[in-house]
Amino acid sequence: MYSLRTHGLCLKDTTLQLPTSAGSNYYKSRRNGRWVSPKAAVIPNFHLPMRSLEVKNRTSSDAIKSLRLITAIKTPYLPDGRFDLEAYDALMHMQIVQGAEGVIVGGTTGEGHLMSWDEHIMLIGHTVNCFGGSIKVIGNTGSNSTREAIHASEQGFAVGMHAALHINPYYGKTSLDGLVSHFEAVLNMGPTIIYNVPSRTGQDIPPPVIHRVAQNANFAGIKECVGNDRVKDYTDNGVVVWSGNDDQCHDSRWDFGAVGVVSVTSNLIPGLMQKLMFGGKDPSLNSKLMPLIDWLFREPNPIGLNTALAQLGVVRPVFRLPYVPLPLARRIEFVNIVKELGRENFVGEKEVQVLEDDDFILIGRY
């Protein structure tokens with residue numbers, strides 16, 4: 001006989017004995033009309049020992065809730081399509097020096113959807129190892145597969161990330177109860193920001209779902225892209241919100257109660273975005289930044305950002321397909337925007353230049 005008595009399971013004569021309470025609760029719940037997932041033969045709370053970085057960087061959701069400027073950091077590439085870690089480290093250093101408090105690693109902007117999971121976890125670990133003492137590292141470990149999201153989050157926390165970013169299941173959409181079950185499963189891994197961007201997922205996460213999962217101690221808040229009316233709905237009810245829209249983040253922060261922004265634009269002008277989030281209401285500065293923000297998002301992100309950083313000379317002009325650079329007319333427009341705002345407000349030290357079509361490298365196999 002082999003016994004796992006400490007976990008409530010006993011294997012005897014090859015017959016699996018399930019805890020009676022699990023089965024009785026399941027049938028009671030059915031009689032009461034409330035569906036709950038039946039208990040499987042799973043050993044609860046059975047995990048590998050925590051790695052040293054997981055212990056060192058273990059943080060509470062409260063430490064995440066106070067972050068005002070979180071940059072969705074760009075992932076730069078070498079000409080063969082591999083990560084350009086030298087350029088990445090330079091970008092990270094500029095974010096820290098100019099006041100960003102957190103970074104999203106491998107998000108939409110960082111092209112996590114174009115990475116293998118090995119690449120993804122490696123980049124999270126690299127960011128933690130090099131910069132985790134100076135900035136909060138939030139790994140995008142979300143997936144439309146709950147199994148993958150759990151596994152990636154376990155790995156991300158094992159290499160030391162401070163929090164996870166999770167999207168709702170896209171394409172293979174689920175019900176509202178399914179959304180709650182998905183988020184509850186990943187919230188058990190550690191501090192978590194939920195990301196609502198219906199334009200990409202095809203499904204809105206409505207407030208009733210968030211209010212249900214917000215009871216979990218690991219729920220840090222929501223990155224919300226629907227608009228400021230939704231932001232106000234949450235903040236009026238004590239839910240922490242980051243604006244997911246750079247063009248709305250000033251008003252979200254100062255008029256609707258958002259704690260800050262998860263920003264794309266701060267890849268380019270971290271100092272000005274820091275001032276927008278820290279310096280009090282400043283409609284003049286907000287208006288001054290609108291031409292740049294409008295330029296960045298006329299095509300799906302991160303096309304504009306990738307083009308801009310290449311023209312600033314801080315990353316190589318290498319694109320992983322299916323992303324391609326903006327056309328020449330738009331590249332010329334960006335140079336004029338930089339001159340208008342002042343080159344000194346942008347990352348990097350090289351002069352901004354108009355790149356020609358032949359300067360860009362497009363990688364299909366990476």
Side-chain angles (χ1 to χ4, degrees), residues 67-76 88 90-105 107-111 135 138 140 165 193 195 197 199-200 223-225 227-228 231 241-254 258-279 281-315 323 325-326 330-331 333-348 352:
L67 304 179
R68 289 159 288 186
L69 177 59
I70 303 173
T71 296
I73 194 73
K74 152 74 176 169
T75 306
Y88 179 83
L91 288 174
M92 284 293 307
H93 179 72
M94 287 181 271
Q95 292 298 316
I96 292 168
V97 168
Q98 299 198 45
E101 297 176 308
V103 288
I104 304 291
V105 179
T108 306
T109 304
E111 301 177 21
I135 197 167
I138 303 160
N140 171 32
L165 180 74
I193 297 173
Y195 180 19
V197 56
S199 63
R200 290 186 180 272
K223 175 187 174 184
E224 182 57 72
C225 296
N228 284 332
V231 170
V241 184
W242 291 269
S243 174
N245 300 322
D246 283 341
D247 60 339
Q248 298 177 347
C249 69
H250 173 270
D251 293 348
S252 295
R253 171 89 167 102
W254 302 111
V259 69
V261 63
V262 177
S263 177
V264 176
T265 309
S266 56
N267 278 277
L268 298 172
I269 49 169
L272 293 180
M273 291 302 296
Q274 194 268 358
K275 184 177 180 182
L276 201 67
M277 291 295 100
F278 287 67
K281 196 169 183 178
D282 192 342
S284 176
L285 175 60
N286 190 50
S287 297
K288 187 178 179 181
L289 301 183
M290 281 304 116
L292 172 62
I293 293 172
D294 176 68
W295 181 90
L296 269 178
F297 294 102
R298 267 185 254 161
E299 294 289 349
N301 181 52
I303 294 171
L305 177 64
N306 293 351
T307 304
L309 287 171
Q311 294 204 151
L312 289 168
V314 294
V315 304
Y323 297 122
L326 292 174
R330 298 284 301 283
R331 302 199 294 265
E333 186 180 349
F334 174 70
V335 171
N336 293 330
I337 290 173
V338 172
K339 292 177 179 178
E340 183 68 24
L341 274 177
R343 178 62 183 89
E344 67 279 4
N345 291 311
F346 286 78
V347 294
V352 63

* Mind checking whether L296 and N301 have side chains closer than 4.5 Å, heavy atoms only? -> no
* Asked: Okay, side chain of R253, backbone of S243: is any donor-acceptor separation there less than 3.5 Å?
  -> no
* To do: Nearest 0.5 Å please: distance from the CD atom of Q248 over to the CG atom of N286.
  => 10.5 Å
* To do: Please report the C-alpha distance between Y195 and V262 in whole Å, then the side-chain angles of each, then the deciding distance to 0.1 Å, and finally whether the side chain to side chain contact (heavy atoms under 4.5 Å, CB included) criterion is met.
  => CA-CA 10 Å; Y195 180 19; V262 177; over 6 Å; no
* Using the side chain to side chain contact (heavy atoms under 4.5 Å, CB included) rule, take I104 and T109 through it: C-alpha gap first, then chi angles, then the decisive distance, then the call. => CA-CA 9 Å; I104 304 291; T109 304; over 6 Å; no
* Taking all heavy atoms of G107 and all of N140, pick out the closest pair and write down the distance. => CA-ND2, 3.5 Å
* **Spacing of CZ belonging to F297 relative to CG belonging to D247, to within rounding of 0.5 Å** => 7.5 Å
* Are any side-chain N or O atoms of W254 and backbone N or O atoms of L276, one a donor and one an acceptor, separated by less than 3.5 Å? -> yes
* State whether the side chain of D246 and the backbone N or O of I293 hold a donor-acceptor pair below 3.5 Å, judged by distance alone. => no
* Is the closest side-chain heavy-atom distance between I70 and W242 below 4.5 Å? -> yes
* To do: Flag the pair L69 / S266 as yes when at least one side-chain heavy-atom distance between them is below 4.5 Å, and no otherwise.
  => yes
* Structure fact -> Here the pair of heavy atoms bringing L326 nearest to R331 is O-NH1, 2.6 Å
* Minimum side-chain heavy-atom gap T307-R330 below 4.5 Å -> no
* To do: Kindly indicate whether the side chain of H250, heavy atoms from C-beta on, has any atom under 4.5 Å from the side chain of L289.
  => no
* Asked: Can you name the closest pair of heavy atoms from L292 and I269 and give their distance?
  -> CD2-CD1, 3.7 Å
* To do: Taking all heavy atoms of M94 and all of P270, pick out the closest pair and write down the distance.
  => O-CG, 4.2 Å
* For the atom pair CE (M273) and CD (Q95), what is the distance rounded to the nearest 0.5 Å? -> 10.5 Å
* When rounded to the nearest 0.5 angstrom, what is the spacing between CG in L305 and CH2 in W295? -> 8.5 Å
* To do: Decide yes or no on side chain to side chain contact (heavy atoms under 4.5 Å, CB included) for L272 and K288, but give the supporting numbers first.
  => CA-CA 10 Å; L272 293 180; K288 187 178 179 181; over 6 Å; no
* Does V264 offer a backbone N or O that forms a donor-acceptor pair with the side chain of N267 under 3.5 Å? -> yes
* Asked: Hey, does L309 have a side-chain heavy atom less than 4.5 Å from the side chain of L268?
  -> yes
* Stepwise, does the side chain to side chain contact (heavy atoms under 4.5 Å, CB included) test hold for N228 with N245? -> CA-CA 10 Å; N228 284 332; N245 300 322; over 6 Å; no
* **Min side-chain heavy-atom separation V352-F346 under 4.5 Å** => no
* Atom CD of E340: over 12 foreign heavy atoms under 6.0 Å -> no
* Atom of Y88, atom of K74 and distance for their closest heavy-atom approach -> CD1-O, 3.6 Å
* Which heavy atom of T75 sits nearest a heavy atom of G110, and at what distance? -> OG1-O, 2.7 Å
* Asked: Between M277 and E101, is any pair of side-chain heavy atoms under 4.5 Å apart?
  -> no
